[in-house]
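Take a look at the structure below.
Within every chain, numbering begins at 1; the chains are lettered A, B, ... in the order of the sequence lines, protein sequences first and strands thereafter. Below, each value reflects all heavy atoms present in this structure, side chains not excepted, and no hydrogens, waters or symmetry copies.
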Amino acid sequence: MRMSQLYAPTLREVPAEAEIASHQLMLRAGLIHKVAGGIYSYMPVGWRSMKKIINIIREEMDKKGGQEMCMPIVQPAELWQESGRWSVYGKELMRMQDRHGRDFLLAPTHEEVITSHLKNDVRSYRQLPLLPYQIQGKFRDERRPRFGVIRSREFLMKDLYSFDRDEAGLDISYHKMHDAYTRVFSRCGLNFRPVVADSGAIGGEGSHEFMALSEVGESEIIFCHGCDYAATNEIASVAPQPTGLGEDMLPIENVETPNCTSVDDVARLLGVTNDRMVKTLCYIAIYEQEEKFVVALLRGDRQMNEIKLLNHLGCLELRFATDDEVRAHQMAPGYCGPVGLAEDVYIVADNEVPLMVNHECGAGKKDHHLLHVNYQRGDYRISETADLMLVEKGAICPVCGKTLDSARGIEVGQIFKLHTKYSAKLGARYVDENGAEHDMVMGCYGIGVGRTMAAVIEQHHDEFGIIWPITVAPYEVIVVPVNDKDAWLVEQAENLYQELLCHKVEAVIDDRQERPGVKFNDADLLGFPIRVVMGKKLRDNGLAEIKLRESGRVIEVPLAELAATVMELRAAMFAGLDPDK
RNA sequence: CGGGGCGUAGCUCAGUUUGGCUAGAGCGCUACCUUGGGGUGGUAGAGGCCGCACGUUCAAGUCGUGUCGCUCCGACCA
């Protein structure tokens, strides 16, 4: 490609709308254009990089027995009514009607369609397992699109679905995908980590997210330095650390605590630390048919993980109870406590709470708290205990007992075990060797392609621009003749360029009538892994200069060895990102 | 969805407080000259529904109402 012809609308200044480096660079390098909020075009240079990522994914999926296909993004509501998601999925699901007034949607994911195909096409265990996949656009009407292509509404995703005859088969498929994902992200040059995850609205048990480590990531991950434990903070658990262990149980005291409605205030007034308190949170759990008042108990210094609570309750939504709703259950807002609550109130406690000795808590009466409360003595009732706390840095690893650390990550992929959630609803069954019918056992496995590209840039850039790993670089080499008035120099550059093309090297020649500084800056911005500069030194000493974008290393090479050297360097870069080497 | 900020040239932004000539700058773009190893210097140009609508006024980029869009924080989310 000739730089003079390349459709790469680069920007010298940083567009005002972009906050993070990858978004700014994608805009500045002309990789993407915004069409509407959360909706982007991939421009030619950006799309070349996307195609590289797609090909890597495709190769790894095919290696594991995946079979590529393509499903529609516009789907009829009936399918989603059958699976139950038409009513469950919220406003994120883009719904619409056709000219006849029939309901359709823009697919945010494709479980329904693929499952309905398998239902029609697969009868026998002999046809399983099957691993169909596609690389398709998806649409989710995000409340708040952000960070360019990282959280967009329309996005490109690879989604593979596994269909097995039983759980053992699912385990095999799941492990295949875990391995494939590790290879995909390694080849893309990402610093990533698979972590145990919540399976969210898609449902099912067993899930890993693949996190590209980055400070601008939207997810927090909790991991252990002492062992392999790593999980999203949505699901991370810890070893319980109840306070007061070994103390004698003291009699309950009712004390006045005027105007102290927060844990901090009360603890300060009583002269205890927050971890000696139990906080009582009142929620309204919203189910499809009903609403339920829920009291949740947590050690005073912990934060509630509402995702855990929501999953535990099995409800659709969760909100704080209003002051009136709290009063309706014989409690005072700001002074709630579990002691003396009516029998019909559902009380769920974090695992730590029932083990705590002599804790303080609200008295259920305005301006009063109770001291030395003990569940084990029967001071109050708990309906159920569960893991409810939000795990933070510094907590204790549930596996090895060491201290946990935290980091932020961009979620570039996720794998789920769906089990029979969709096959049962949609009737995707097969007959085994004994003639018995079973639901197929499913898994689903997604990779955000655009997000992966953004994560690569987020991890590989400097103040001058993008530093592409060669495996996903739009072009591999740029040839820069320094002086376009020097015919001999231009000719040498052309020769090299043609020779590289002959060897299937993806090369660009900067044939623009620009100052060297302009060419160098654009080369840095666009992030070509290898830059060849031909200038004065070539004329005077017969030496061209090769500069590597990543290390900044400069090598001076005689003209005769130039092409061979470029190809060696290129091969070494590929080898460095090959998980088999 | 709640709260804040912003919509003026392709991009970054002045101008709006206190309404008043023909709406500005830098970058980019076009032509020519100059320069030729890190965004060279110069000359001449092109480029604007001042987001949209309605209203107030002799007069609106500037004031009011509405609306659309963008953005940040929060809530939420495979």
Side-chain angles (χ1 to χ4, degrees), chain A residues 9-20 23-24 27-28 30 33-39 85 88-93 107-111 138-148 150-153 155 157-159 161 197-204 207-210 218-219 232 234 286 306-307 310 316-320 411-416 418 421 443-448 451 463-465 480-486 489-490 510 512-525 531-540 543-545 547 552 554 556:
Chain A
T10 58
L11 263 23
R12 186 178 284 194
E13 282 171 280
V14 179
E17 67 187 55
E19 280 290 299
I20 63 171
H23 189 194
Q24 292 174 351
L27 255 13
R28 281 192 56 208
H33 274 336
K34 183 166 70 179
V35 176
I39 299 178
R85 285 208 287 183
V88 173
Y89 228 110
K91 286 193 175 161
E92 232 174 76
L93 183 63
T109 167
H110 283 73
E111 281 81 7
K138 301 258 185 291
F139 195 94
R140 290 179 195 172
D141 198 2
E142 295 281 350
R143 288 177 188 204
R144 189 179 162 200
R146 248 184 298 192
F147 304 140
I150 289 187
R151 177 161 299 270
S152 54
R153 295 195 289 170
F155 58 100
M157 176 171 162
K158 184 284 306 181
D159 46 326
Y161 303 91
D198 179 53
S199 51
I202 277 196
S207 171
H208 284 82
E209 285 176 6
F210 285 75
E218 293 183 280
S219 311
T232 66
E234 295 178 351
I286 301 163
E306 295 191 353
I307 291 167
L310 185 135
L316 300 178
E317 262 184 84
L318 210 54
R319 65 168 172 83
F320 273 122
E411 184 196 338
V412 288
Q414 184 162 16
I415 58 180
F416 289 94
L418 296 172
K421 180 179 162 107
C444 81
Y445 315 86
I447 292 178
R451 197 181 265 194
E463 56 182 313
F464 304 109
V480 182
V482 166
N483 187 341
D484 57 82
K485 293 278 163 50
D486 185 330
L489 216 53
V490 170
D510 197 341
R512 295 175 302 171
Q513 295 182 22
E514 286 287 359
R515 306 260 318 165
V518 173
K519 295 183 177 184
F520 294 151
N521 279 310
D522 277 341
D524 286 347
L525 176 61
R531 186 183 84 190
V532 181
V533 180
M534 303 169 105
K536 231 184 296 177
K537 255 176 273 172
L538 185 63
R539 204 170 236 304
D540 298 347
L543 292 174
E545 172 192 298
K547 184 168 185 183
V554 174
E556 294 188 342

If you find the nucleotide of RNA chain B closest to A/Met534 and the one closest to A/Glu19, which residue's nucleotide is nearer the 5' end? A/Met534
Could you check how far CZ of A/Arg143 sits from C1' of B/U71, rounded to whole Å? 18 Å
Partner nucleotide, any strand, of B/C21 [Watson-Crick/G-U, under 3.5 Å]: none
Which residue, A/Pro108 or A/Val518, contacts RNA chain B at a nucleotide closer to its 5' end, judged by nearest heavy atom? A/Val518
Rounding to an integer number of angstrom, what distance separates B/C63 and B/A46 when you compare their C1' atoms? 34 Å
Which nucleotide sits closest to the side chain of A/Arg12: B/G37, B/A75, B/C27? B/C27
Counting distance alone, no hydrogens or angles: does the base of B/G37 have a donor or acceptor under 3.5 Å from a partner atom on the side chain of A/Asn483? no
Of the options B/G37, B/G39, B/G38, whose atoms approach the side-chain atoms of A/Arg531 most closely? B/G38
Can you tell which of B/G38, B/A75, B/G37 lies closest to the side chain of A/Pro516? B/G37
Rounded interatomic separation in angstrom, taking CD from A/Glu142 and C1' from B/C1: 14 Å
Taking only the side-chain heavy atoms of A/Glu17 (C-beta and beyond), determine which of B/G26, B/C70, B/C76 contains the nearest atom. B/C70
Which nucleotide in the set B/C11, B/C73, B/G37 lies at the smallest distance from any side-chain heavy atom of A/Glu545? B/G37
Pairwise P distance for B/G7 and B/C11, with rounding to whole Å: 14 Å
Span that lies between the C1' atom of B/G51 and that of B/U62, in whole angstrom: 16 Å
For the student: nearest non-hydrogen atoms of A/Glu19 and A/Gln24, plus distance: O-NE2, 3.4 Å
Value in whole Å for how far the P atom of B/A75 lies from CG of A/Leu310: 16 Å
Is A/Arg451 reaching over with its side chain to a backbone N or O of A/Val412, donor-acceptor style, under 3.5 angstrom? no
From CD1 of A/Ile307 over to P of B/C76, roughly how many Å is that when rounded to an integer? 8 Å
By the Watson-Crick or G-U definition, both distances under 3.5 Å, B/U43 is matched with B/A31
A/Glu92/A/Arg143 ion pair, N-O < 4.0 Å: no
Pick from A/Lys536, A/Glu556, A/Met534: which one makes a side-chain contact (heavy atoms from CB on, under 4.5 Å) with A/Leu543? A/Glu556
Between the base of B/G26 and the side chain of A/Glu13, is there any donor-acceptor pair under 3.5 Å? yes
Spacing of A/Gln24 atom CD relative to B/C11 atom P, expressed in whole Å: 16 Å
What's the gap between B/A9 and B/A25 when it is taken at their P atoms, as a whole Å value? 14 Å
Euclidean distance, atom CD of residue A/Glu234 to atom C1' of B/A75 [Å, nearest integer]: 14 Å
What's the gap between B/G61 and B/C49 when it is taken at their C1' atoms, as a whole Å value? 12 Å
Name all residues meeting the ring pair (Phe, Tyr, Trp, His ring centres under 6.0 Å) criterion together with A/His23; count only those two or more places apart in sequence or in a different chain, and write none if there are none. none
By ring pair (Phe, Tyr, Trp, His ring centres under 6.0 Å) - contacts of A/Phe464 (at least two apart): none
Mind checking who B/G74 pairs with, Watson-Crick or G-U wobble, both distances under 3.5 Å? B/C1
Determine the interatomic distance between P on B/U34 and the same-named atom on B/U43; round to the nearest Å. 16 Å
Choosing from B/G39, B/U12, B/C76, which nucleotide comes nearest the side chain of A/Asp522? B/G39
Pairing partner of B/G64 (Watson-Crick or G-U wobble, both distances under 3.5 Å): B/C54
Distance between the P atoms of B/C54 and B/A59, in whole angstroms? 15 Å
Selected nucleotide, minimal atom distance to A/Asn521 side chain, candidates B/G39, B/C72, B/C13: B/G39
Gap in Å between the two C1' atoms, one belonging to B/G15 and one to B/G24, rounded: 7 Å
Just the rounded figure in Å: distance from C1' of B/U40 to CZ of A/Phe520. 14 Å
Consider the side chain of A/Arg144, meaning its heavy atoms from C-beta on, and name the nucleotide among B/A75, B/C27, B/G38 that approaches it most closely. B/A75
Just how far, in rounded Å, is P of B/G39 from CD of A/Glu463? 14 Å
Check every atom of B/G37, B/G38, B/C70 against the side chain of A/Lys547 and return the nucleotide holding the closest atom. B/G38
Options B/C77, B/U35, B/C76, nucleotide nearest the side-chain atoms of A/Arg515: B/U35
Between A/Lys421 and A/Glu111, does a salt bridge (charged side-chain N to carboxylate O under 4.0 Å, His left out) hold up when you go through it step by step? CA-CA 10 Å; A/Lys421 180 179 162 107; A/Glu111 281 81 7; over 6 Å; no
